[in-house]
Amino acid sequence: MAYDPAQIEPRWQRYWDEHNTFAAADGAGKPKYYVLDMFPYPSGNGLHVGHPEGYTATDIVARYKRMNGFNVLHPMGWDSFGLPAENHAIKTGTHPRETTRRNIANFKRQLKMLGFSFDWDREVATSEPDYYRWTQWIFTKLYEQGLAYEGEMAVNWCPALGTVLANEEVKDGLSEVGGHPVVRKPMTQWMLRITAYAERLLEDLDELDWPEYIKDLQRNWIGRSEGAEVDFPVQGSERKLRIFTTRPDTMFGATYMVISPEHPWVGELTTDDQRAAVEAYRREAAGKSDRDRQISKEKTGVFAGSYAVNPATGAAIPIWVADYVMMGYGTGAIMAVPGQDERDWEFAEVFDLPILRTVQPPADFDGKAFTGDGPAINSDFLDGLEVTEAKARMIDWLEDKGLGERKVNYKLRDWLFSRQRYWGEPFPLLKFPDGSIRLMGEDELPLTLPAVDKYEAAGTGEGPLATVTEWVEVTDPVTGKPARRETNTMPQWAGSCWYYLRFIDPRNSERAWDPEKEKYWMPVDLYLGGTEHAVLHLMYARFWHKVLFDLGLVSTKEPFKKLRNQGMILGENGDKMSKSRGNVVNPDDVIAEQGADALRLYLMFLGPLERDKPWNTTGIDGVRRFLERMWRLYCDEEDGLSPQVQDVAPNEDQLRLLHKTIHAVTTMTEDLRFNTAISQMMVFVNEMTGMEARPRALLESFALLLAPYAPHLAEELWSKLGHGETLACAPWPAYDEQYLVEDTITVVVQVNGKVRDQLQIARDADPEDVKAAALALEKIGQWTEGKTIVKTIYVPGKLVSVVVK
RNA sequence: GCCGGAGUGGUGGAAUUGGUAGACGCGCUGGACUCAAAAUCCAGUGUUCCUCUGGAACGUGUGGGUUCAAGUCCCACCUCCGGCACCA
């Protein structure tokens, strides 16, 4: 019989389903291993081949760990609140719940066809009330901790999407989803105080086994900088203008000040003769979108008319209003030090303001502002000190005189947590006319979404829920008072902030999760997903987790111990796969043609997991051929085993081949180097194909090695070898060191670094003998003849290097 | 501009402790089987050159350097990708 995945694969999938092969038992007296994929948004397009790449990788690990005696938790679920279903509802009137459930069914069908060993009993969907009930509950915990607040501030408003967005969702002044322009608009919104955790989010990165560049992205995003806050007295006023600087050492060179156009003191620092100009400038700045501000970096600004006193020099320096200073960072005001700051230098040049160097640039320096290290000059008591020391001395001086203090600032802002959407978690609270708020109790949750007539935004900057009066305006059953519900909903990130905890105890109707189970399963041992979540999801989830940790609700500081990113599968032309480019590969088609095992194997064989890799249709033929060769290694033309499979003792060469293969596949699987593990399996099959007798014991071990990679074929071969049970928990083969080292080794012989000949030696040959033997070689003699041998180096087991002159 | 990552045959990629560069796959060439084709199997396949059953030179983005030995380490660049970007 020929290899026929269409016949084999569905049969084993049914077997796994019926036997509940992959259900994770809590406890079970075994060491645990929690391997998690970033769960998908179930879009209407279904899977593309990029999805199964990551899922195959984690599935290999899950299956491998099971065979190594671990109790494995490998769940899958749905990040099912989100924009596409809502947009679809706007167009067609179909409730997003229906669209979502239909899409989930399709995704699940596709995932099952790939033979992933998910524990489907633990499936969750963030948009189902018995899930989001607990998302709402966690929100109440955040609120109780003072970490959720409502405030009016300039937020990222995206008119095209009809909603506000978090800083993290805006790229180059455009929405990350759809690429629509985003403007700053003052609105009252819910915020989460992630900034309270900035330091810990930064610090705890160090102990995580994550790709260094992901950690860097987060460090960068948190943007910690050390410096000082200093008060500059305003002339003719009691006011002191507070600034933040990372360069207190340059204060003697502060020749003017700049405040942001949004600074609350703009009005009062503006003199009457400058008022018209300042007001005009302010209006102009307010009208600019973020994108406008970023595109043009030409310095603009206007003199406010008033002066402040530089506390270091006692000199009066002018106060300017300019949009190169942001209200959202530091204090929204700076001391401008053109001599040591490029932006200040540029501004000073445009407006002809004085420039004073306070750090001595090197003699060959021909630039403008000098931001490097050097001795302080023109700086009184700091003169001669290098930057680091000068900073410290200056801060001491400021603190001593009560003029300022040491200060750490972060770029990280609080997380904008409300969206003007229908398809998201409603906020679990009631607002009373007096402005007070009552959080809903655990027993009142979930607060479910009401039915609506239309899904469009209300058009008032409010979400669709605002139009459902009977839902919004209620009488509070607890206090009897009239109350309003919040009409915004939570962002999609909310549900994904804690889903890994719900997987631990997904059907618990009494609490979000059982603490005993949490202690057993957490943390996630391996978390795999795309880079696109480097800051957003991963930072938000870490934040919630730390809050839950502080509340004693989880037992680990960090949720994800080890993180890896899979690369993107690109189209055959090397472009990103997308519908509009017409280069999307549909897994359904590939499975129908080549089988799930071939697809899995090919996705892993393409290249290193974390790299972007182009899909190649002829490439998958190669792995399919490999599977067919393997089939022929075990099976005959009819329905049985090949007559070459015999109960004979393996010979020395076969044992070496087997143990080399076990060793390679084991270490490479541990290191997630699946592409090279597969190539080693190919070597095994190629070599075995040439052998007359194929000892059964060898083929048994090899079927087990194959199991995590091509589980359907492995199960089929295993059962053909006479096993009545699944190999899902069969023990992983062990390798024997004695077969990994050869008795006779080939060493190469180099003369002046060039390979000239080879030499067979015994593994434990004496180094001096090896050198002598190398020098005695005829070819080596040709290269050393007439020259002086300077030295001879022997690298045991590798090579002999002869140096001649 | 700043911070990461990457550049290896025709092609996807190996070589993860400085020690035979190109494993494995694709493609291509030749052969076997066949009436023929497909499939399969076998052999070959970095480039150039030579006195061609062999041998030499060159070769991992570029230019230098360290070393007996460099894809791997150091210095200076180039190109591509990702992130951040007037953050004081």
Side-chain angles (χ1 to χ4, degrees), chain A residues 2 171-172 211-221 223-225 227 243-247 250 254 258 260 293-294 296-300 322-326 328-337 340-344 346-347 409-413 531-532 534-535 567-568 574 601-602 605-608 610-623 625-626 628-629 632 664 667-668 671 673 675-683 685-686 689-690 746-758 779 790-804:
Chain A
K171 237 180 212 161
D172 299 328
E212 213 37 57
Y213 83 101
I214 296 281
K215 294 203 228 177
D216 275 344
L217 286 179
Q218 294 213 352
R219 288 188 187 111
N220 205 299
W221 193 261
R224 182 184 201 273
S225 56
I243 59 100
F244 172 73
T245 179
T246 55
R247 294 295 302 274
T250 63
V258 182
S260 159
R293 272 202 185 192
Q294 279 174 16
S296 120
K297 294 213 173 152
E298 276 117 68
K299 294 286 173 294
T300 60
D323 67 1
Y324 82 92
V325 173
M326 315 283 133
Y329 183 76
T331 61
I334 61 158
M335 63 173 194
V337 190
Q340 276 74 232
D341 185 286
E342 282 161 15
R343 296 150 302 179
D344 295 345
E346 254 180 66
F347 190 83
N409 247 318
Y410 302 91
K411 282 203 293 190
L412 184 71
R413 313 286 160 83
T531 330
E532 65 274 19
V535 269
M568 246 183 313
L601 220 48
Y602 180 58
F605 185 63
L606 262 176
E610 63 282 0
R611 207 128 92 196
D612 291 349
K613 299 158 289 255
W615 178 266
N616 178 300
T617 305
T618 52
I620 195 169
D621 296 339
V623 292
R625 275 201 281 272
F626 163 62
E628 280 171 2
R629 271 206 308 282
R632 288 196 299 269
T667 56
M668 288 163 181
D671 296 345
R673 292 157 58 206
N675 52 332
T676 50
I678 292 167
S679 80
Q680 185 58 43
M681 291 193 261
M682 288 173 168
V683 170
V685 170
N686 290 347
T689 299
T746 305
V747 295
V748 294
V749 185
Q750 298 183 339
V751 178
N752 281 354
K754 291 213 157 72
V755 179
R756 297 302 179 187
D757 204 356
Q758 298 187 346
K779 281 186 198 156
V790 181
K791 61 173 158 175
T792 309
I793 298 149
Y794 174 51
V795 182
K798 297 271 189 190
L799 57 71
V800 177
S801 184
V802 183
V803 187
V804 299

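Proteins get letters first, then strands, A, B, ... in listed order; numbering begins at 1 in each. Below, each value reflects all heavy atoms present in this structure, side chains not excepted, and no hydrogens, waters or symmetry copies.
The base of B/C84 has none of its N or O atoms less than 3.5 Å from a complementary donor or acceptor on the side chain of A/Lys411.
Taking side-chain N and O atoms only, A/Arg611 has no distance below 4.0 Å to OP1 or OP2 of B/G12. Checking the phosphate oxygens (OP1, OP2) of B/G5, no side-chain nitrogen or oxygen of A/Tyr213 falls inside 4.0 Å. Listed pair A/Arg632 / B/C41 meets the phosphate criterion, a side-chain N or O lying under 4.0 Å from OP1 or OP2. For B/C68, one of the phosphate oxygens OP1 or OP2 lies less than 4.0 angstrom from a side-chain nitrogen or oxygen of A/Lys791. Within the structure, every side-chain polar atom (N or O) of A/Thr531 is placed at least 4.0 Å from both OP1 and OP2 of B/G83.
Atom pair A/Lys613:NZ and B/C26:P shows a separation of 19 Å (rounding to whole Å applied). Atom-to-atom, CG of A/Asn752 to C1' of B/A56 comes out at 16 Å; the value is rounded to the nearest Å. The distance between atom CE of A/Met326 and atom P of B/C84, rounded to the nearest whole Å, is 16 Å. With rounding to whole Å, A/Met335 atom CE is found 12 Å from B/A88 atom P. Protein atom CD of A/Glu212 is 10 Å distant from nucleotide atom C1' of B/G4, rounded to whole Å. At whole-Å resolution of the value, CG in A/Asn409 and P in B/A88 are 8 Å apart. If you measure from atom CD of A/Glu628 to atom C1' of B/U40, you get 10 Å, rounded to the nearest angstrom. The distance between atom CD1 of A/Ile214 and atom P of B/C3, rounded to the nearest whole Å, is 19 Å.
Nucleotide B/G59 is matched to nothing when pairs are restricted to Watson-Crick or G-U wobble geometry with both distances under 3.5 angstrom. Summarising the base pairing, B/C73 is matched to B/G65 through a Watson-Crick or G-U wobble pair whose two defining distances lie under 3.5 Å. When both pairing distances are held under 3.5 Å, B/C2 makes a Watson-Crick or G-U pair with B/G83. Across all strands shown, B/U16 forms no Watson-Crick or G-U wobble pair with both distances under 3.5 Å. Taking a pair to require two hydrogen-bonding distances under 3.5 Å in either a Watson-Crick or a G-U wobble arrangement, B/A88 remains unpaired. The partner of B/U45, taking Watson-Crick or G-U wobble pairs whose two distances both stay under 3.5 Å, is B/G27. Of all nucleotides present, none satisfies the Watson-Crick or G-U wobble test against B/C35 with each distance under 3.5 Å. Pair assignment for B/G22: none, as no Watson-Crick or G-U wobble contacts are both less than 3.5 Å.
For the P atoms, the distance linking B/G10 with B/C49 amounts to 15 Å, nearest Å. Separating the P atom of B/U60 from that of B/G5 is a span of 23 Å, rounded to the nearest Å. Comparing the same atom, C1', in B/U62 and in B/U8 gives a spacing of 15 Å after rounding to whole Å. If you take atom P in B/U45 and the same atom in B/G25, they sit 15 Å apart, rounded to whole Å.
At a threshold of 4.0 angstrom between heavy atoms, the contacts of A/Ser225 are confined to the sugar-phosphate backbone, with no base atom among them. A/Lys299 comes within contact range of at least one nucleobase, with a heavy-atom separation under 4.0 Å. A/Arg224 comes within 4.0 angstrom of no nucleic acid atom, judged by non-hydrogen atoms across all strands. Counting non-hydrogen atoms under 4.0 angstrom, A/Lys215 reaches nothing in the nucleic acid.
Each of B/C86, B/A57, B/A88 was ranked by its minimum atom distance to the side chain of A/Asp323; first place goes to B/C86. Relative to the side chain of A/Trp221, the nucleotides B/C84, B/C86, B/A88 differ in distance, and B/C84 lies closest. With B/G55, B/G13, B/A88 as the choices, the nucleotide that has an atom nearest any side-chain atom of A/Asp341 turns out to be B/A88.
By the ring-ring contact (aromatic ring centres under 6.0 Å, His included) test, A/Phe626 is found to be paired with no residue, residues two or more places apart in sequence or in another chain being considered. For A/Glu532, the side-chain contact (heavy atoms from CB on, under 4.5 Å) criterion is met by no residue, not counting sequence neighbours. Every residue was checked against the salt bridge (Lys or Arg N to Asp or Glu O under 4.0 Å) condition with A/Glu342, not counting sequence neighbours, and none meets it. Listed by chain and residue number, nothing satisfies the salt bridge (Lys or Arg N to Asp or Glu O under 4.0 Å) test with A/Asp344 (two or more places apart in sequence, or in another chain).
Ring planes of A/Tyr602 and A/Trp615: perpendicular class, angle over 60° (limits at 30 and 60°).
Between A/Leu606 and A/Lys613, the closest heavy-atom pair is CB-CD, 3.7 Å. Nearest heavy-atom pair, A/Ile214 versus A/Ala534, reported as atom, atom and distance to 0.1 Å: CD1-CB, 3.6 Å. Contact detail for A/Tyr324 and A/Ala336: the closest heavy-atom pair is OH-CB, 4.4 Å.
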Footprint string (nucleotides 18-25 of chain B, 5' to 3'): B base within contact, S backbone only, - free, heavy atoms under 4.0 Å: -BB--BBS
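Because its glycosidic torsion is more than 90° from 0, B/G83 is reported here as anti.
In this structure the side chain of A/Asn220 reaches within 4.5 angstrom of the side chain of A/Lys411, judged on heavy atoms.
In terms of position on RNA chain B, the residue among A/Gly690 and A/Glu610 whose nearest nucleotide sits closer to the 5' end is A/Glu610.
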Side-chain atoms of residues 750-757 of chain A: list all donor-acceptor pairs with protein atoms under 3.5 Å, sequence neighbours left out, distances to 0.1 Å.
residue  : atom : partner  : partner atom : Å
A/Asn752 : OD1  : A/Val804 : N            : 3.0
A/Asn752 : ND2  : A/Val804 : O            : 3.4

